[in-house]
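First the structure, in the form of structure tokens, and then the observations on it.
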Amino acid sequence: MHPSELLLTRSLVGLVPCRHDGQDAVVVAALDDATVLVLDERGLALLAHHARRIDRVMVCDDAKAVQRWLLRRGVDIARPLCVQTVSALVRGEPWAPGDAPALPGSDTALDSARHLVRGLEALLTRLDDSGQKKVARLECLVTRAFAALEHRGLPIDVGLWRRLVAEDKARMLAAKEQVFALAGDHVPRDLFGVADINLDAELEVKALIKRATGVVLESTARQHLAAVGHPLADALIAYREPWKIVSTYGDSFLEHVTDVVVDADGRSMGRIRSTFVPLGASTGRVACREPNLQNLPKDARFHEALRAPAGRVLVTADYAACELRIVAEFAEDPVFLAAFDRGEDLHSTVATSLFGVPVSKSVNPELRHRAKAINFGLVYGMGPGALAASLGVERGTGEELLARYFKTFPRIRDYLDGSVETALRRGYSETALGRRLTFDPAAVRADNARGELSRIMKNMPIQGTSADMTKLAMVRIQETLGQRLKAGLIGDAGLVNTVHDELVVECAAADGDVVGAVVGDEMAEAHRSLLRRVPPSVEVHVGPTWHH
DNA sequence: ACATGCGGCCAC
DNA sequence: AAACGTGGCCGCATGT
């Protein structure tokens, strides 16, 4: 029997990857003992056998990094406990997981692993005091889903993506020529008459606009250029859009694509491997980098290139009006709740109540647009000035609209005011699951809850509850898909992306409907476990590409 | 060579 | 520029 075998039967062990005699290994540690397990064929089989059991908690320092490392070796931990994640929650500080675990020698790893297990009791006591046990449990479980998601990667048709970027590059160059043509003599030229201006430099663009039109810009942002009302300014706007695509989603983006192979349809299919940061945002939202898969262009052309390889499909699912449902639940507003109960379009219903005339997507659409702008902005603690700006109306009109809105929906106003009042009293804001954002007491006193702080206090419970829900859904989906796979009901399937209130799962084409149902059901169940009153609404699509 | 801040802009 | 919350990435400019 291997010396690690008895240790691995414990309900809780520490796990630290390391190198031992030139081989990959892990230290397995309990309170009273620790051993090195070399990950040869036998070692891997032993570890994999115990790791997949739900009655074995495996404590890691950086659980996502350790799991990614183990997934490459075929080991999947069913019940990870991430010390860094729990510590970050307890301390109320952000923390970013690393890409790969450091691989110390086995002596150092033995110390680390003992330390990991011995420190756990104190950490769990602090967790108890912090009131975020449920959040910690979820965050630990979701490290497994993120490790698997990163391991799998998002499928991409590299050839198609390259062609789309090339199209935009041509558009960008054409727009640049157009700028030069329109600016004529106002473009600085070198000794040989070649245009010598950098359209990406704010100062140079301002100078060009001034010379050509006489307008002095305080900013070269799109709105300001548009307000100039000159063909040259319009040409600069036309340059910006493809520039953004080429610079952000061109070569630098494609550097993150690996494992490119030609599939049965003759497409060059690769996988984008990025890094997700589960506690990347103070609200509990996930951040994503290198590359950021949460701000890909909505443009349908690019989503066509985010497609499953031949014989496979993508299940795309999102929570419809997620944050407004959360507001409806928290505020217990009768109009909001009734609209969601009846499956109505909330923006139309709100506009109808607000303006006293029938509104739908086709009847009085301008009023629906106004209601939508307020609904959207109230989640952010928007003021009258911002509302006026977003609607392009006078500030007075914005004030009037907001006043009417809160008079019509007093529960919404009371709820938002209550969020600020509660946060000030407690010193923190809280989500449905109990996730907390703690405020610096000095900042609370200084700011007197006006301005930025009160907007965060209004927004965090809403945005954070949405994050709770999506993470819960990820855990449920991974668990259920794993069970179905084990039962032989489906083939390989798994998450390939998450964008705040949207999930993308890849599976065999033949399993599309079954997996689609699992994803929809688990997302709805995650909603119901957090919000008891307002009904869930999940939109699911199954197809070859990422649907939008 | 790297780090940092800013203007601008993509996403939810 | 921001306005109205949460992020990341681009290029430029400036620092060490």
Side-chain angles (χ1 to χ4, degrees), chain A residues 94 96 168 172 197-206 217-225 227 236-237 239-253 255-256 274-299 302-303 318-324 326-327 373-393 395 398-399 402 416 419-420 429 431 435 437 451-467 469-470 497-503 546 548:
Chain A
D168 276 350
M172 180 181 82
I197 182 171
N198 185 350
L199 298 187
D200 307 332
E202 182 211 1
L203 287 174
E204 294 185 48
V205 169
K206 277 181 181 163
L217 286 172
E218 45 190 302
S219 152
T220 67
R222 172 189 270 272
Q223 266 94 345
H224 293 254
L225 284 175
L236 282 163
I237 293 172
Y239 166 79
R240 288 266 178 82
E241 194 188 322
W243 174 84
K244 176 77 182 176
I245 298 293
V246 172
S247 60
T248 305
Y249 304 106
D251 292 341
S252 62
F253 182 83
E255 275 176 23
H256 296 101
S274 84
T275 301
F276 287 81
V277 188
L279 292 178
S282 58
T283 53
R285 265 201 190 173
V286 180
C288 177
R289 51 182 166 78
E290 293 178 346
N292 184 358
L293 297 180
Q294 299 186 317
N295 70 345
L296 299 175
K298 278 170 72 172
D299 189 333
F302 285 89
H303 280 264
D318 69 289
Y319 286 112
C322 186
E323 294 192 335
L324 287 171
I326 292 166
V327 170
I374 308 181
N375 284 337
F376 203 60
L378 73 88
V379 171
Y380 306 142
M382 181 180 64
L387 174 62
S390 78
L391 287 173
V393 298
R395 194 195 156 84
E399 283 171 10
L402 211 56
L416 291 171
S419 285
V420 176
S429 291
T431 67
R435 186 188 302 278
L437 174 60
E452 194 187 347
L453 203 54
S454 81
R455 289 195 295 272
I456 297 171
M457 289 166 171
K458 287 173 183 168
N459 175 256
M460 186 273 173
I462 302 166
Q463 192 182 116
T465 297
S466 163
M469 196 184 293
T470 302
N497 201 9
T498 164
V499 192
H500 309 308
D501 58 3
E502 178 178 15
L503 295 172
W546 183 352
H548 247 144

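This structure is a prediction, so every number in the text was calculated from the model and none was measured.
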Requested in this report: Would you mind reading off the distance between A:L217 atom CG and C:dA2 atom C1', rounded to a whole angstrom?
Outcome: 15 Å
**Report entry** Interatomic distance, A:F302 CZ vs B:dA11 P [rounded to whole Å]
**Finding:** 11 Å
Requested in this report: Taking only the side-chain nitrogens and oxygens of A:K206, find out if one of them lies under 4.0 Å from OP1 or OP2 of B:dG7.
Outcome: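 False: A:K206 side-chain N/O out of range (4.0 Å or more) of B:dG7 OP1/OP2.
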Query raised in the report: Using a cut-off of less than 4.0 Å, is there contact between a side-chain N or O of A:H224 and OP1 or OP2 of C:dA3?
Result: no
Mind checking what makes side-chain hydrogen bond (donor to acceptor under 3.5 Å, both in side chains) contact with [X], not counting sequence neighbours?
X	answer
A:T470	none
A:R240	A:T220
A:Q223	none

Query - Heavy-atom pair of closest approach, residues A:E204 and A:N198 - result: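 Here A:E204 and A:N198 meet closest at OE1-N, 2.8 Å.
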Query raised in the report: Within the modelled atom types, does a donor on one side and an acceptor on the other bring the side chain of A:K244 and the base of B:dC10 under 3.5 Å apart?
Result: no
Query - Listed nucleotide nearest any side-chain atom of A:N295, set C:dC10, C:dG5, B:dA11 - result: B:dA11
Requested in this report: Go through C:dC10, C:dC4, B:dC9 for me and flag the one nearest to the A:S390 side chain.
Outcome: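 Per side-chain heavy atoms of A:S390, the pick is C:dC4.
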Query raised in the report: Under 3.5 Å, side chain of A:Q294 to main-chain N/O of A:T498, donor-acceptor pair present?
Result: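 Answer holds: yes.
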Query raised in the report: How far, in whole Å, is C:dA2 from B:dC6 if one measures between their C1' atoms?
Result: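 Result for the C1' pair: 14 Å, nearest Å.
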Report task. Sequence neighbours left out, what passes ring pair (Phe, Tyr, Trp, His ring centres under 6.0 Å) with A:H303? Give chain and number order. Result ->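 By the ring pair (Phe, Tyr, Trp, His ring centres under 6.0 Å) rule, A:H303 matches A:W546, A:H548.
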Requested in this report: May I ask you to list the residues of residues 282-294 of chain A, by number, that have any heavy atom positioned under 4.0 Å from an atom of DNA chain B?
Outcome: A:R285, A:Q294
Taking N or O atoms only and anything under 3.5 Å, show me the protein contacts with nucleotides 11-14 of chain C, one pair per line.
unit_1 : atom_1 : unit_2 : atom_2 : d
C:dC12 : OP1    : A:N198 : ND2    : 2.6

